[in-house]
*Asks:* 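Mind having a look at this structure? Questions to follow.
Quick note: numbers below take in every heavy atom, side chains included, and nothing from hydrogens, waters or symmetry partners. By convention in this document, chain letters (A, B, ...) are assigned in the order of the sequence lines, proteins followed by strands, and residues within each chain are numbered from 1.
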There are 2 protein chains.
Amino acid sequence: MSTANSSSSAPQLQPPGCSIEAALEIVRDRWTILILRDAFRGIRRFDDLRRDLEIPRAILADRLRSLVESGVFVKRQYQQRPERFEYRLTPMGMELSPILVSLMQWGDRWLSGEEGPPRLLVHEPCATEIDMSFYCWTCEEAFTPSQISSQPGAVTARTLQSQPALQSQPALQEGDLKNSGATKS
Amino acid sequence: MSTANSSSSAPQLQPPGCSIEAALEIVRDRWTILILRDAFRGIRRFDDLRRDLEIPRAILADRLRSLVESGVFVKRQYQQRPERFEYRLTPMGMELSPILVSLMQWGDRWLSGEEGPPRLLVHEPCATEIDMSFYCWTCEEAFTPSQISSQPGAVTARTLQSQPALQSQPALQEGDLKNSGATKS
DNA sequence: TTAGTTGGTTCGCAATCTGAACCCAGCTAC
DNA sequence: GTAGCTGGGTTCAGATTGCGAACCAACTAA
């Protein structure tokens with residue numbers, strides 16, 4: 001995508017090589033996310049995935065291949081004669097869980113019908129419900145997206161001097177919520 | 001997708017009407033997520049989005065229309081003569097931020113090059129870095145996805161009695177990480 | 001008058017998705 | 001020993017979707 005964008009003189013809010021774009025090259029589409037959801041539920045085999053998702057075989061084969069290539073899954077032989085394989089999440093794959101949990105919680109909050117969320121996610125040892133909203137350890141308080149700002153990460157001092165616009169700036173900006181339509185509970 | 005799946009006698013890990021699937025009907029594809037990323041960066045106008053993302057006009061028009069329909073954006077006229085519009089995040093849209101932050105942090109951790117993440121997200125008042133990993137308030141400790149379990153939400157007592165498999169069960173299962181390929185830092 | 005801006009729509013071609021059919025190795029029942 | 005099943009795919013034709021380019025409409029500025 002937008003790699004050749006250097007002619008703009010506007011402050012570059014997002015450096016080239018945005019991590020979201022990079023992540024999206026691996027988490028490509030809806031099917032990929034549903035495959036990951038099933039993987040977290042312990043479904044590991046081609047045919048089980050196919051049956052559960054009702055996904056076309058060619059698409060499933062393609063997505064599994066590309067997820068193995070990118071290191072999200074490992075393909076392991078679980079029996080010989082006949083050869084049979086399963087797909088397991090690597091540590092890299094396991095760490096995709098916050099994305100799935102966020103999606104699920106957003107769906108629960110904004111899209112579930114009258115009956116409320118079909119299932120709750122809880123911390124197993126104590127059964128406390130999981131909440132993926134933002135919390136600051138230093139201030140000891142929850143905060144909203146509008147309080148998030150973005151700072152240069154591993155940027156060299158030289159880069160910073162030549163690009164003052166890269167210094168701290170709000171990352172997420174709140175829309176004008178007063179006149180907006182959707183609200184809930 | 002898999003709506004007609006009631007004939008299976010296996011324990012139904014995910015009830016029909018999964019919130020992740022529901023969320024994916026709105027957060028449809030890569031373009032939608034990139035539009036949302038830009039919205040959080042304060043980009044609100046058709047042409048600014050088009051330039052920044054280098055997205056085909058027809059796709060952008062279509063995605064904006066559908067995001068307005070689903071209540072993620074509001075379309076607001078910001079001038080008359082000629083009529084000009086902008087797209088702003090509703091509260092529903094603002095709450096998509098954990099998904100974007102999770103994607104970004106995963107990309108930072110697993111896909112960034114030698115130089116590390118291009119930017120850090122911080123809590124503005126205190127500049128503490130934002131961390132979207134799991135934390136339990138009751139146990140006062142961070143935990144891994146394997147400690148997440150899933151419990152029935154608003155399920156009636158009758159449903160529960162007739163479907164004992166719906167009771168508490170692990171939601172996210174860890175792969176066999178010992179033999180897996182990818183590890184980092 | 002001409003060019004530029006903003007916010008689109010229309011069109012034809014290209015890429016991708018989809019269901020159905022097929023393949024193949026090994027196993028199992030008859 | 002052969003018909004049929006299972007698991008894990010590939011191949012193929014047709015439908016859907018994506019895409020760039022061109023065009024449109026309403027206005028402004030030079």
*Asks:* With sequence neighbours excluded, what pairs up with A:Glu141 under the side chain to side chain donor-acceptor pair (under 3.5 Å) test?
*Replies:*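 A:Glu141 satisfies side chain to side chain donor-acceptor pair (under 3.5 Å) with no residue once adjacent residues are dropped.
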*Asks:* For A:Glu129, enumerate each residue passing the side chain to side chain donor-acceptor pair (under 3.5 Å) test, keeping only those at least two apart in sequence or located in another chain.
*Replies:* none
*Asks:* Over how many whole Å does the gap from A:Gln77 atom CD to D:dG9 atom P extend?
*Replies:*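 Taking atom P of D:dG9 as the reference, CD of A:Gln77 is at 11 Å.
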*Asks:* Of all the choices, C:dT6, D:dG8, C:dG8, which nucleotide is nearest to the side chain of A:Tyr78 once you look at every atom?
*Replies:*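 Given the options C:dT6, D:dG8, C:dG8, the side chain of A:Tyr78 is closest to D:dG8.
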*Asks:* Think B:Tyr87 has a side-chain N or O under 4.0 angstrom from the OP1 or OP2 of C:dG8?
*Replies:* yes
*Asks:* Tell me, please, which residues at least two apart from B:Glu86 pass side chain to side chain donor-acceptor pair (under 3.5 Å).
*Replies:*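 Partners of B:Glu86 under the side chain to side chain donor-acceptor pair (under 3.5 Å) test: B:Arg88.
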*Asks:* Quick one: list whatever passes side chain to side chain contact (heavy atoms under 4.5 Å, CB included) with A:Gln79, sequence neighbours left out.
*Replies:*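 A:Gln79 satisfies side chain to side chain contact (heavy atoms under 4.5 Å, CB included) with A:Pro82, A:Arg84 once adjacent residues are dropped.
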*Asks:* Parallel, tilted or perpendicular: which describes the rings of A:Trp137 and B:Tyr135, with under 30° parallel and over 60° perpendicular?
*Replies:*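 Plane angle over 60°, so perpendicular.
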*Asks:* Using a 4.0 Å heavy-atom cut-off, write out nucleotides 12-25 of chain C from 5' to 3' as B (base contacted by protein), S (sugar-phosphate only) or - (no contact).
*Replies:* -----SBS-B----
*Asks:* What nucleic acid atoms does B:Arg50 come within less than 4.0 Å of, heavy atoms only: base, sugar-phosphate, or nothing?
*Replies:*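 The residue B:Arg50 makes no contact with any strand.
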*Asks:* Over how many whole Å does the gap from A:Phe73 atom CZ to D:dG8 atom P extend?
*Replies:*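 Interatomic distance, CZ of A:Phe73 to P of D:dG8: 14 Å.
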*Asks:* Find the distance B:Arg45:CZ to C:dG8:P and express it as a whole number of Å.
*Replies:* 12 Å
*Asks:* Can you sort out the partners of B:Thr138 under side chain to side chain contact (heavy atoms under 4.5 Å, CB included), two or more places apart, ordered by chain and number?
*Replies:*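 Per chain and number, B:Thr138 pairs via side chain to side chain contact (heavy atoms under 4.5 Å, CB included) with A:Cys126, A:Thr128, B:Cys136.
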*Asks:* Among the candidates C:dG8, D:dG8, D:dG7, find the nucleotide nearest to the side-chain atoms of B:Phe46.
*Replies:* C:dG8
*Asks:* Roughly, in whole Å, what's the span from CG in B:Asp47 to C1' in C:dG8?
*Replies:*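 Checked: the CG to C1' distance equals 10 Å.
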